[in-house]
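Below you'll find the structure, written out as structure tokens, and then a few comments.
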Amino acid sequence: MTVAHPGSHARRTAEDPHDGPRRRVGPLAALDGRLPGTHDLLLMQCPSSLRPLAGGELPHWARAVLRAHPWVTVGRAPAVVSHPVDLPHPQRCTRDPEAAPELWFPVTVRGPRPGQRLDALAPWAAVARTLRPEQLVERRARLAPERLAGIAALALLPEVDRLVADHRLPWGPIGAVGYELGSGVPVAGPLSPLRLVLRSPQPISRRDALQLRRALTKLPLPVQAELETRHGSVQLTEYASGAHSLTLLTPDGPREVHDPWFPRGPVG
């Protein structure tokens, strides 16, 4: 259930720099429809509720990042169900006592420096908004003109849209480009590759995959695309190559399969 705050349009500039509808944080959180998936961006209502996978407290740089831009990226790992008594109590968070954060998603916090990445768990009850990669391209118009002119991975998004549209695959940017489009934080650089997720719940032919890979290869920057099936993702380049054995990335780890749409047991 998505609930708009009364008077939100009038207060957006001063109070809500991350604009757009937010979820009601509380007992209604579980009624908000689809749960987050890999590569989704989450706007945290209560960033200090994140739990580092390595244990301990959030590092100083992560706390600073989350105070300014409370966006995290969902990773490819299973969600964790746990009772509040088993988890540290979030500090400096005003919460509905009935809003028990029972479902925790694996997320990554991006820092401003190379190598600053923190893997953590985020409670679903503290997520204010979700953005799927497919929703990010339309946010390109929000970026400053100098970003679009100076960052090839951002400038070429309309051309990528044209190429992928020929194959009728829902798609979206991920990685640094996706994060910048969602959060507005200028993290992509002039040499940043363009990473894409191509939604493919139904099988596509190797021939079509090869045609798309060749078209993307002609772009003047590196493009890394992955086909997302119902069971996980496989690299477009690997699938288009005709390889007999493919690496399927799943929430439970990589698997070697013959068919990423119908994985049946280990590859013999």
Within the 4.5 Å heavy-atom criterion, are [X] and [Y] side-chain neighbours or not?
{"X": "Tyr239", "Y": "Ile204", "answer": "yes"}
{"X": "Val177", "Y": "Leu154", "answer": "yes"}
{"X": "Trp171", "Y": "Val197", "answer": "no"}
{"X": "Arg76", "Y": "Thr250", "answer": "no"}
{"X": "Val107", "Y": "Leu42", "answer": "yes"}
{"X": "Leu181", "Y": "Pro173", "answer": "yes"}
{"X": "Glu226", "Y": "Leu198", "answer": "no"}
{"X": "Trp261", "Y": "Arg230", "answer": "no"}

Which pair of non-hydrogen atoms, one from [X] and one from [Y], has the smallest distance, and what is that distance?
{"X": "Ser233", "Y": "Glu228", "value": "CB-OE1, 3.3 Å"}
{"X": "Ser49", "Y": "Ala126", "value": "OG-CB, 3.7 Å"}
{"X": "Pro70", "Y": "Pro47", "value": "CB-CG, 3.6 Å"}
{"X": "Asp252", "Y": "Pro78", "value": "OD1-CG, 3.5 Å"}
{"X": "Arg140", "Y": "Ala155", "value": "NH2-O, 3.5 Å"}
{"X": "Leu118", "Y": "Pro52", "value": "CD1-CB, 4.3 Å"}

Value rounded to 0.5 Å, distance of [atom1] in [X] from [atom2] in [Y]:
{"X": "Leu156", "Y": "Leu148", "atom1": "CG", "atom2": "CG", "result": "11.0 Å"}
{"X": "Arg264", "Y": "His231", "atom1": "CZ", "atom2": "NE2", "result": "8.5 Å"}
{"X": "Ile151", "Y": "Ser192", "atom1": "CD1", "atom2": "OG", "result": "6.5 Å"}
{"X": "Lys218", "Y": "Arg214", "atom1": "NZ", "atom2": "CZ", "result": "8.5 Å"}
{"X": "Leu169", "Y": "Leu227", "atom1": "CG", "atom2": "CG", "result": "7.0 Å"}
{"X": "Leu163", "Y": "Gln211", "atom1": "CG", "atom2": "CD", "result": "10.0 Å"}

- Query: In a check of side-chain contact (heavy atoms from CB on, under 4.5 Å) between Leu216 and each of Val223, Thr237, Leu194, which one passes?
  - Reply: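 Exactly one candidate clears the test, Val223.
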- Message: One pair to check against salt bridge (Lys or Arg N to Asp or Glu O under 4.0 Å): Arg51 and Glu57. What are the steps and the verdict?
- Response: CA-CA 8 Å; Arg51 178 188 182 190; Glu57 300 291 330; over 6 Å; no
Honestly curious: do [X] and [Y] fall in one hydrophobic cluster under the side-chain, below-4.5 Å linking rule?
{"X": "Leu131", "Y": "Ile174", "value": "no"}
{"X": "Val160", "Y": "Leu210", "value": "no"}
{"X": "Leu221", "Y": "Val137", "value": "yes"}

Donor + acceptor pair across side chains of [X], [Y] (<3.5 Å):
{"X": "Glu256", "Y": "Thr247", "value": "yes"}
{"X": "Glu134", "Y": "His39", "value": "no"}
{"X": "Ser183", "Y": "Arg110", "value": "no"}

- Task: Please write out which residues are connected to Leu191 in a hydrophobic cluster, directly or through intermediates, given that two of Ile, Leu, Val, Met, Phe, Trp, Tyr count as joined at side-chain heavy-atom separations below 4.5 angstrom.
- Result: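 Result for Leu191 is none, singleton.
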- Just jot down the ring pair (Phe, Tyr, Trp, His ring centres under 6.0 Å) partners of Tyr179, sequence neighbours excluded, or say none. none
Would the distance check show the side chain of [X] and the main-chain N or O of [Y] forming a donor-acceptor pair, the cut-off being under 3.5 Å?
{"X": "His244", "Y": "His258", "result": "no"}
{"X": "Arg213", "Y": "Leu236", "result": "no"}
{"X": "Thr229", "Y": "Pro260", "result": "yes"}

- Message: Angle between ring planes, Phe105 versus Trp124, binned at 30° and 60°: parallel, tilted or perpendicular?
- Response: perpendicular
- Task: Run the numbers on Asp40 and Thr130 for side chain to side chain donor-acceptor pair (under 3.5 Å), then give the verdict.
- Result: CA-CA 7 Å; Asp40 283 2; Thr130 63; 5.5 Å; no
- Query: Going by an N to O cut-off under 4.0 Å, is there a salt bridge joining Arg147 and Glu180?
  - Reply: yes
- Message: Assess the residue pair Val65 and Trp71 against the criterion (side chain to side chain contact (heavy atoms under 4.5 Å, CB included)); give the C-alpha distance rounded to whole Å, side-chain angles, the decisive distance to 0.1 Å, and a yes or no.
- Response: CA-CA 9 Å; Val65 166; Trp71 290 93; over 6 Å; no
- Task: Might you work through the side chain to side chain contact (heavy atoms under 4.5 Å, CB included) test for Leu50 and Val72, ending with a clear yes or no?
- Result: CA-CA 10 Å; Leu50 264 65; Val72 296; 3.9 Å; yes
